[in-house]
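Structure, as structure tokens:
Throughout, numbering of the chain's residues begins at 1 and tracks the sequence. Quick caveat: nothing in here was measured; it's all calculated off a predicted structure.
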Amino acid sequence: MNEEHEAPRGAGELPDDRPLDVAALQARLARFAVARDWQPFHTPKNLAAALSVEASELVEIFQWLTPEQSARVMEEPESAHRVEDEIADVLAYLLQLCEVLGVDALAALSAKIDRNERRFPARGEGTG
């Protein structure tokens, strides 16, 4: 997903001024793919591979930075733009993968947090 990116619209809105939500973004991504006849290529294998590539591009931004430099990456407009673009690419492929597989991303995340809370209790919390 290295195509040119448009300037961002109003924060937290779709082009028709509706608030952002996962389902609306997935529908918009699906329309984008259909309009370009890309859906035959959007198999789980291809989307997972593309997700990995985009995540690697995000890692590349931070690769040789010190921890202190990495914490300030959003202060520089050029690096901030690159980070936002790569995060958007990662999220786009993840949402498309979830759509193709029928996974509710938010429900899956909530269930994973629940499991982690049980697996790794906070200090001072007993297990029973």
Side-chain angles (χ1 to χ4, degrees):
M1 298 196 88
N2 290 324
E3 66 277 352
E4 292 295 314
H5 299 280
E6 296 177 10
R9 300 185 186 277
E13 294 178 356
L14 291 170
D16 61 3
D17 296 328
R18 286 179 292 142
L20 290 175
D21 65 65
V22 172
L25 289 170
Q26 285 176 305
R28 188 171 174 200
L29 287 165
R31 287 191 305 274
F32 184 88
V34 167
R36 288 152 183 84
D37 296 320
W38 289 353
Q39 68 275 25
F41 307 104
H42 285 188
T43 64
K45 177 189 112 11
N46 288 350
L47 291 168
L51 173 61
S52 175
V53 169
E54 294 300 339
S56 294
E57 290 180 9
L58 180 60
V59 170
E60 182 181 30
I61 296 168
F62 297 92
Q63 184 173 9
W64 302 114
L65 300 180
T66 65
E68 296 78 18
Q69 290 169 323
S70 71
R72 295 190 310 268
V73 75
M74 298 305 288
E75 294 173 8
E76 180 67 35
E78 184 176 329
S79 61
H81 179 73
R82 287 181 60 214
V83 168
E84 288 174 353
D85 272 359
E86 296 308 334
I87 287 173
D89 288 343
V90 167
L91 184 57
Y93 280 121
L94 180 60
L95 291 178
Q96 290 173 91
L97 180 60
C98 288
E99 180 73 19
V100 166
L101 294 175
V103 172
D104 179 330
L106 298 182
L109 176 57
S110 181
K112 180 66 175 186
I113 293 169
D114 289 345
R115 286 191 303 275
N116 284 343
E117 287 174 338
R118 288 189 301 276
R119 187 174 172 201
F120 305 105
R123 280 183 229 161
E125 289 183 9
T127 56

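The number of heavy atoms from other shown groups lying within 6.0 Å of CD (Q63) is above 12. Within 6.0 Å of atom CZ in F41, 12 or fewer heavy atoms from other residues, nucleotides or ligands are found, so the atom counts as exposed in its surroundings. A 6.0 Å sphere centred on CZ of R36 holds more than 12 heavy atoms belonging to other residues, nucleotides or ligands.
There is a path of hydrophobic side-chain contacts, each under 4.5 Å, that joins L20 to V22. V53 and L51 fall into different hydrophobic clusters, where Ile, Leu, Val, Met, Phe, Trp and Tyr are joined by side-chain heavy atoms under 4.5 Å apart, directly or via other members.
Considering CG of L101 and CG of L47, their distance stands at 8.0 Å, rounded to 0.5 Å. One finds the CG atom of N46 at 11.5 Å from the CD atom of Q96 (value rounded to the nearest 0.5 Å).
I87 meets the side-chain contact (heavy atoms from CB on, under 4.5 Å) test with L58, V83; sequence neighbours excluded. Applying the side-chain contact (heavy atoms from CB on, under 4.5 Å) criterion to E84, with sequence neighbours excluded, gives M74.
Between D104 and C98 there is no side-chain heavy-atom pair separated by less than 4.5 Å. For the pair L29/E99, no side-chain contact is recorded, criterion being any heavy-atom separation below 4.5 Å from C-beta on. For the pair T43 and V100, the minimum side-chain heavy-atom distance is 4.5 Å or more.
Side-chain polar atoms of D85 and H81 form a donor-acceptor pair below 3.5 angstrom.
Side-chain contacts under 4.5 Å among hydrophobic residues (ILVMFWY), followed directly or transitively, place W64 with no other residue at all.
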